[in-house]
Number of protein chains: 2
Amino acid sequence: MKSEPPGDQVLGARSAGEDHPSVESTRSRILDIALELFTVQGYEKTSLRQIAEELGYSKAAIYYHFKSKDEILLALHYRLHDFGHSALESIETSSDTVASWTTFVDQFIDLMLEHRNLFTLHERNRAALERLHDERHGASHDDLEDHFRRALGDTSVDLDTRVRMAASFGAIFGCLVLVGDAFHDVPAEDLRQSLRWAVRDLMRQPE
Amino acid sequence: MKSEPPGDQVLGARSAGEDHPSVESTRSRILDIALELFTVQGYEKTSLRQIAEELGYSKAAIYYHFKSKDEILLALHYRLHDFGHSALESIETSSDTVASWTTFVDQFIDLMLEHRNLFTLHERNRAALERLHDERHGASHDDLEDHFRRALGDTSVDLDTRVRMAASFGAIFGCLVLVGDAFHDVPAEDLRQSLRWAVRDLMRQPE
DNA sequence: GTCTATATTTCGATAGAC
DNA sequence: GTCTATCGAAATATAGAC
């Protein structure tokens with residue numbers, strides 16, 4: 001269900017001493033270019049012709065690596081999905097809502113710090129990604145988003161706690177994605193610490 | 001610079017006893033339909049043909065009220081811009097950063113609660129709106145967004161405080177826009193109170 | 001103010017050579 | 001794996017009748 005063609009390895013197919021400007025496979029380069037263009041201009045406003053130009057190849061070359069434009073966006077979605085999935089696996093879902101939420105949030109801060117650009121892509125192309133999701137009517141998501149929805153939809157938890165859970169998610173999202181470059185020159189470590197403290201106060205769980 | 005045609009009044013042009021399904025002017029109805037479609041499907045994926053269908057008129061009728069598709073999105077932007085501007089006017093910018101931020105945030109919660117759908121439109125069409133903004137190279141924005149950027153970019157404030165300011169913005173945004181329908185059945189008053197308390201804790205300014 | 005055409009452009013996708 | 005050439009669809013926008 002994932003990616004049938006060459007795969008998305010970081011290292012190129014050939015050995016060292018490469019004369020190409022990049023050791024990445026062409027497929028990976030397409031994804032990197034698309035990631036940036038989709039984020040800045042939006043998915044619909046980015047044409048394959050434009051991607052091909054930055055790639056240095058023609059438009060038809062892209063169709064060797066991806067069978068449609070949607071498949072490019074989908075591959076980028078899986079990049080984040082896979083990262084999120086392995087992060088979720090390392091967290092056991094405790095019965096104590098607030099405590100398990102706090103540990104989850106800590107992991108989530110790290111994840112978002114590491115893949116800021118992928119989160120930004122998703123934030124700025126929600127409509128296109130939801131359309132992809134709807135057309136793939138099968139596909140058990142098991143998404144990060146589902147995890148959030150499940151936690152926030154649990155009406156056995158009092159409203160104030162649920163609001164603070166949603167707020168802590170938004171707080172992280174706001175600092176790392178929404179404000180854009182406001183904290184771009186701040187060391188990741190400082191950002192992580194400040195965010196953790198802030199979310200602790202928000203969840204009223206000072207350590 | 002705003003809207004040259006009929007204007008965007010809420011009440012229709014004719015007196016009571018209307019036989020039309022709505023008392024709004026056609027221009028206003030177009031904006032309402034576009035607001036919903038742009039939000040759900042995205043600006044680019046929404047065609048004028050689709051808007052015309054829901055409107056009950058033909059595509060060409062829309063061009064009597066708006067001279068381009070971009071103008072429709074721009075008019076919706078001004079709807080929020082005007083609300084935000086009048087909200088900003090009622091806040092004097094104090095020299096005490098944290099205190100003035102807290103009062104600003106309280107106003108902001110109210111604003112976002114009242115115009116949730118307009119904020120959601122903006123969140124889901126940032127790329128399109130930024131393109132509009134870039135093409136209008138004049139236009140001193142004096143936007144809500146500028147107000148945030150100015151506050152967050154003030155490097156004379158320590159990082160932890162700036163992070164908490166960005167976090168409080170994200171917290172509100174997260175609860176009222178990002179999570180979508182998770183709190184849709186919650187009374188606005190309860191949501192406002194929970195959010196205010198949460199942000200107070202986040203800014204370490206208990207009242 | 002709203003209609004029926006239609007002009008114009010751009011894009012995603014395919015075919016087939018190399 | 002990449003190219004050139006082209007097809008077909010769909011969209012924005014306009015012209016002119018009513």
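First the proteins, then the strands, lettered A, B, ... as listed; each starts at 1.
- Remark: B:Y64 is not in phosphate contact with C:dT2, judged by side-chain N or O atoms under 4.0 Å from OP1 or OP2.
- A salt bridge is defined here as a Lys NZ or Arg NE, NH1 or NH2 lying under 4.0 Å from an Asp or Glu carboxylate O, and B:D110 with B:R192 meets this definition.
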Base-contact (B) and sugar-phosphate-only (S) positions in nucleotides 8-18 of chain D, heavy-atom cut-off under 4.0 Å, - elsewhere: ---SBBBB---

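- Seen from the ring of A:Y43, A:K69 counts as a face-on cation partner, given the 6.0 Å and 45° thresholds.
- Look at B:D160 and B:R164 and you find a salt bridge, because one of the NZ, NE, NH1 or NH2 atoms lies within 4.0 Å of a carboxylate O, short of that distance.
- Within a 6.0 Å radius of CD in A:E114, no more than 12 heavy atoms belonging to other residues, nucleotides or ligands are found.
- Between B:F108 and B:F173, the ring center distance fails the sub-6.0 Å criterion.
- Between B:S58 and C:dC3 there is a side-chain N or O to OP1 or OP2 distance below 4.0 Å.
- Protein atom CD1 of B:I62 is 11 Å distant from nucleotide atom P of C:dT2, rounded to whole Å.
- Among residues two or more places apart in sequence or in another chain, the side chain to side chain donor-acceptor pair (under 3.5 Å) test is passed with A:H77 by A:H122.
- Under a 4.0 Å N-O distance rule, the pair B:D70/B:R136 does not qualify as a salt bridge.
- For DNA chain C, none of the residues of residues 35-42 of chain A falls under the heavy-atom distance limit of 4.0 Å.
- Salt bridge status for A:R196 with A:D106: present, with a side-chain N to carboxylate O gap under 4.0 Å.
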